[in-house]
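Since the structure is predicted, the reported quantities are computational estimates derived from the model, not experimental observations.
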Amino acid sequence: MTESLSVLLTNDDGIDAPGIRALRDRLADDHNVTVVAPAAEQSGTGQTRTFETLDYEEREDGYAVHGTPADCVAVAVAALDFTPDVVVSGCNDGPNLGAHILARSGTVGAAMEASFLGIPAVAVSMYDWEFDPAGDWEPTYDQFHIASDTIADILPDFVAGDVLPTADYLSVNAPATEYADNPVKRVTRPTEEYELQAEFTESGINVEDRFWHEFLDRNIPDPAGTDRHACVDNEISITPLTVPHSVADGATPGGLL
């Protein structure tokens, strides 16, 4: 029998998003789940924190915070006096892949915030080959079943330290339900292949990875073992990560330039 955990569930798509509802319903089968999530979408906020009074209200399905995903973790621990066994952030409606994405993703940002607070965490995202960030793509509840089942499967062993024990948090990317049948779980590293382009648009400033469209075409230069390569093969990518950020090789802290 699975040992019941106290789970803090948050996301960056907002408390009403289908991904967080799918995760809540699945994890609640075995665990005590408390939802503390943004009242509105907070995609791309990274680990941004709000250093002022935060408004939040209790709803039927949890607490809605007028702030970022990282704020939600802080509100749960500091304002609600809730220290969970684990933080789960997601499920994001789109992949979070590549080293350059880790600091940008609000989904990953919540997991990083939890890790800095000494709480193990998992960030989880769903990728769909019909996804179009500039189009009218809308995810549905049923597309998150593989992602939700994956987290339910690995969570107890990760928290117990039996799976990837040196990781502070995991970044998981799983295919939409219709694209895979019992996909393998692949331990990966973040791909370092990226080519960013910044441009002004009518809606603001857009920073785009030119490799993004290659990923959607499933034609990438990434080597085996990377998160993006695993996803192109319709696998579940599980990337173990640590905090704090490490010092570059060859640097000598305390030395003079």
Side-chain angles (χ1 to χ4, degrees), residues 11-13 17-19 22-23 26 43-44 46 88-109 111-112 122-155 158 163-164 167 169-197 206-242:
N11 72 344
D12 73 356
D13 292 316
L23 262 180
R26 179 63 183 86
S43 297
V88 176
S89 181
C91 182
N92 195 63
D93 59 3
N96 280 300
L97 300 168
H100 65 293
I101 290 295
L102 297 180
R104 300 169 183 266
S105 165
T107 303
V108 177
M112 292 176 64
V122 178
V124 55
S125 306
M126 179 272 288
Y127 60 91
D128 179 354
W129 298 114
E130 298 300 321
F131 177 69
D132 181 1
D136 296 326
W137 178 84
E138 290 290 342
T140 62
Y141 179 94
D142 291 340
Q143 290 180 290
F144 295 93
H145 288 333
I146 290 177
S148 299
D149 287 344
T150 298
I151 301 307
D153 180 43
I154 68 175
L155 203 61
F158 173 60
V163 169
L164 301 172
Y169 68 103
L170 307 178
S171 177
V172 177
N173 285 271
T177 304
E178 64 265 35
Y179 291 108
D181 181 19
N182 195 28
V184 302
K185 301 180 182 71
R186 181 83 61 189
V187 178
T188 59
R189 68 183 188 275
T191 182
E192 297 180 358
E193 297 287 344
Y194 64 91
E195 186 178 350
L196 299 184
Q197 179 182 26
N206 179 46
V207 179
E208 182 182 25
D209 181 359
R210 292 181 179 179
F211 285 153
W212 176 248
H213 296 288
E214 293 181 6
F215 171 73
L216 291 177
D217 290 337
R218 302 170 77 169
N219 178 24
I220 57 169
D222 309 40
T226 58
D227 52 7
R228 203 157 52 187
H229 189 283
C231 291
V232 163
D233 289 339
N234 274 338
E235 297 177 340
I236 298 168
S237 165
I238 301 178
T239 303
L241 297 164
T242 61

Give me the atom names and distance for the closest heavy-atom approach of [X] to [Y].
X	Y	answer
Ser125	Pro95	CB-CA, 4.0 Å
His145	Thr177	N-OG1, 3.2 Å
Glu235	Arg186	OE2-NH2, 2.7 Å
Ala167	Pro240	CB-CB, 3.6 Å
Ala147	Ala174	CA-CB, 3.8 Å
Gly106	Ser89	O-OG, 4.4 Å

If you round to the nearest 0.5 Å, how far is [atom2] of [Y] from [atom1] of [X]?
X	Y	atom1	atom2	result
Leu97	Thr191	CG	OG1	8.5 Å
Met126	Leu23	CE	CG	11.0 Å
Leu164	Thr242	CG	OG1	12.5 Å
Phe215	Ile220	CZ	CD1	7.0 Å
Ser105	Met112	OG	CE	10.0 Å

Would Asp13 and Asn92 count as a side-chain contact (heavy atoms from CB on, under 4.5 Å) if you check the C-alpha gap in whole Å, the side-chain angles of each, and the deciding distance to 0.1 Å? CA-CA 7 Å; Asp13 292 316; Asn92 195 63; 3.3 Å; yes

Is any side-chain heavy atom of Cys231 closer than 4.5 Å to a side-chain heavy atom of Thr188? no

Is there side-chain contact between Arg189 and Pro223, with heavy atoms separated by less than 4.5 Å? yes

So does Asp217 have more than 12 non-hydrogen atoms from other groups sitting under 6.0 Å from CG? yes

From the list Val124, Leu102, Thr239, side-chain contact (heavy atoms from CB on, under 4.5 Å) with Val108 holds only for Leu102

Can you name the side chain to side chain contact (heavy atoms under 4.5 Å, CB included) partners of Ala22, sequence neighbours left out? Tyr141, Phe144, Ser148

If we ignore hydrogens and angles and just use 3.5 Å, is the side chain of [X] paired with the main-chain N or O of [Y] as donor and acceptor?
X	Y	value
Asp128	Glu130	yes
Asp227	Gly98	yes
Asp12	Thr107	yes
Asn234	Tyr179	yes

Are Tyr127 and Trp129, when compared by the centres of their aromatic rings, separated by less than 6.0 Å? yes

Verify side-chain contact (heavy atoms from CB on, under 4.5 Å) between Ile154 and Leu170, making sure each step is shown before the conclusion. CA-CA 10 Å; Ile154 68 175; Leu170 307 178; 4.0 Å; yes

Side chain to side chain donor-acceptor pair (under 3.5 Å) evaluation trace for Trp137 with Asp93: CA-CA 10 Å; Trp137 178 84; Asp93 59 3; over 6 Å; no

Quick one: do Asp153 and Lys185 make a salt bridge, cutoff under 4.0 Å? yes

For Val232 and Asp222, run side-chain contact (heavy atoms from CB on, under 4.5 Å): C-alpha distance rounded to whole Å, both residues' side-chain angles, the deciding distance at 0.1 Å, then the answer. CA-CA 10 Å; Val232 163; Asp222 309 40; over 6 Å; no

